[in-house]
Chemist: 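Submitted below is the structure of interest, expressed as structure tokens.
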Amino acid sequence: TLHCAHEHTYGEWVTDRETTCALEGSKHRTCSVCGYNDIASIDKVAHTYESEIVEPTYLEQGYTRHVCSVCGDSYNDEYVDALERTDITEATLELEYTEVYYEGSPLKPTVTITYDGQTYDSAKELKLTYKDNNKVGTATVTVEGINKFTGTVELQFNISYEEIPDKIVNVNSIGEIGKI
């Protein structure tokens with residue numbers, strides 16, 4: 001520290017580094033008699049937050065997200081509960097068909113879901129898993145709720161061979177069906 005025999009005569013403060021919400025600024029002023037520089041820091045300024053409402057879903061709560069447009073600092077508040085889910089057993093589920101003729105490839109009937117008078121997009125609300133849907137017999141569709149709906153149910157449909165006029169259908173001893 002420089003000590004002078006005189007009282008410093010400073011000019012105006014000069015900003016060396018602007019302050020932000022992330023960094024302190026700095027400034028200096030110079031004595032016009034001896035040239036001594038008085039240096040000082042400038043406190044950080046407040047964040048400049050922009051707010052965005054994040055709506056709740058059936059799987060996650062909603063909230064307000066605040067993000068500083070200068071430094072990216074963020075926080076969340078004003079939380080709201082996730083939307084209430086409904087057990088799938090309270091909805092009406094309809095298979096596209098319950099009886100079908102086997103034509104050589106796996107069968108995957110669609111499922112329509114209706115609840116409280118509203119039909120929902122089954123692709124967004126249901127996960128469908130098929131079992132035994134590639135052969136003659138009883139096939140199963142496991143229907144699992146994934147958004148508004150929760151829970152699991154099983155639906156069944158029957159697969160049979162289409163009758164072909166003037167042909168004989170033979171069932172061999174191990175249960176395979178073949179056309180003759």
Side-chain angles (χ1 to χ4, degrees), residues 20-23 44 46-180:
T20 68
C21 53
L23 294 171
K44 293 179 186 178
H47 291 285
T48 306
Y49 287 108
E50 294 177 4
S51 300
E52 169 193 9
I53 295 175
V54 177
E55 297 293 337
T57 67
Y58 292 104
L59 303 176
E60 296 182 11
Q61 63 187 158
Y63 52 89
T64 301
R65 180 168 182 76
H66 307 273
V67 179
C68 179
S69 61
V70 176
C71 71
D73 180 65
S74 66
Y75 70 95
N76 301 333
D77 64 5
E78 299 179 22
Y79 289 90
V80 294
D81 291 337
L83 301 174
E84 188 173 334
R85 296 178 80 192
T86 301
D87 191 287
I88 200 166
T89 59
E90 296 179 30
T92 301
L93 300 171
E94 290 184 45
L95 276 171
E96 178 182 5
Y97 46 79
T98 56
E99 188 76 35
V100 66
Y101 295 112
Y102 186 65
E103 296 178 353
S105 60
L107 299 161
K108 295 183 175 185
T110 60
V111 177
T112 303
I113 184 166
T114 306
Y115 175 73
D116 203 19
Q118 181 178 352
T119 299
Y120 292 86
D121 182 349
S122 60
K124 292 181 180 177
E125 301 297 337
L126 305 176
K127 176 183 175 188
L128 305 178
T129 306
Y130 297 88
K131 181 179 177 188
D132 297 328
N133 63 328
N134 59 350
K135 61 184 179 182
V136 172
T138 301
T140 303
V141 181
T142 302
V143 182
E144 181 182 349
I146 56 175
N147 276 319
K148 176 176 178 46
F149 299 95
T150 185
T152 303
V153 296
E154 287 188 352
L155 304 175
Q156 294 182 329
F157 61 100
N158 294 314
I159 302 172
S160 59
Y161 267 108
E162 181 175 11
E163 293 182 37
I164 301 172
D166 302 326
K167 297 284 181 179
I168 300 169
V169 176
N170 176 38
V171 179
N172 68 24
S173 63
I174 59 170
E176 293 177 348
I177 298 177
K179 294 179 185 173
I180 298 179

Chemist: Where the side chain of S122 meets the backbone of V111, is there a donor-acceptor pair that is under 3.5 Å apart?
Modeler: yes
Chemist: Rounded to the nearest 0.5 Å, what separation is found between the OG1 atom of T86 and the CG atom of N147?
Modeler: 12.0 Å
Chemist: Taking Y49 for the side chain and S74 for the main chain, is one N or O donor matched with an acceptor at less than 3.5 Å?
Modeler: no
Chemist: Closer than 3.5 angstrom, by distance alone: can the side chain of N133 be matched with the main-chain N or O of L107 as a donor-acceptor pair?
Modeler: yes
Chemist: Classify the ring geometry of Y79 against Y63: parallel below 30°, tilted from 30° to 60°, perpendicular beyond 60°.
Modeler: tilted
Chemist: Could you tell me which non-hydrogen atom of T64 sits nearest to which non-hydrogen atom of S51, and how far apart they are?
Modeler: CG2-CB, 4.1 Å
Chemist: Should T138 and D132 count as side-chain neighbours, where that means a heavy-atom distance under 4.5 Å?
Modeler: no
Chemist: Measuring only between side-chain heavy atoms, which start at C-beta, is H66 closer than 4.5 Å to D77?
Modeler: yes
Chemist: So, taking the atom named CD1 in I159 and the one named OG1 in T98, what distance separates them when rounded to the nearest 0.5 Å?
Modeler: 12.0 Å
Chemist: Is the closest side-chain heavy-atom distance between L83 and K148 below 4.5 Å?
Modeler: no
Chemist: Side chains of E90 and Y115: does their closest heavy-atom pair fall under 4.5 Å?
Modeler: yes
Chemist: Distance check, rounded to the nearest 0.5 Å: Y58 atom OH versus K124 atom NZ?
Modeler: 11.5 Å
Chemist: For A82 and L59, which heavy atoms make the closest approach, and how far apart are they?
Modeler: CB-C, 4.4 Å
Chemist: How long is the straight-line distance from OH of Y130 back to CG of L155, given to the nearest 0.5 Å?
Modeler: 9.5 Å
Chemist: Please evaluate residues T150 and D87 with respect to the criterion side-chain hydrogen bond (donor to acceptor under 3.5 Å, both in side chains), reporting the C-alpha separation (whole Å), side-chain torsions for both, the decisive distance (0.1 Å), and the verdict.
Modeler: CA-CA 5 Å; T150 185; D87 191 287; 5.9 Å; no
Chemist: Would you check if I88 and I113 make a side-chain contact, meaning some heavy-atom pair closer than 4.5 Å?
Modeler: yes
Chemist: Do any N or O atoms from the side chain of E96 and from the backbone of P109 form a donor-acceptor pair under 3.5 angstrom?
Modeler: no
Chemist: Could you walk me through whether T152 and E144 pass the side chain to side chain contact (heavy atoms under 4.5 Å, CB included) test, one step at a time?
Modeler: CA-CA 4 Å; T152 303; E144 181 182 349; 3.9 Å; yes
Chemist: I'd like to check V143 versus L128 (side-chain heavy atoms, cut-off strictly below 4.5 Å). Are they in contact?
Modeler: yes
Chemist: Does some side-chain heavy atom of C21 sit less than 4.5 Å from a side-chain heavy atom of K44?
Modeler: no
Chemist: Are any of the side-chain heavy atoms of Y101 and S160 separated by less than 4.5 Å?
Modeler: yes
Chemist: Look up atom OG1 in T129 and atom NZ in K108, then write down how far apart they are to the nearest 0.5 Å.
Modeler: 9.5 Å
Chemist: To the nearest 0.5 angstrom, please state how far the CZ atom of R85 sits from the OG1 atom of T57.
Modeler: 9.0 Å
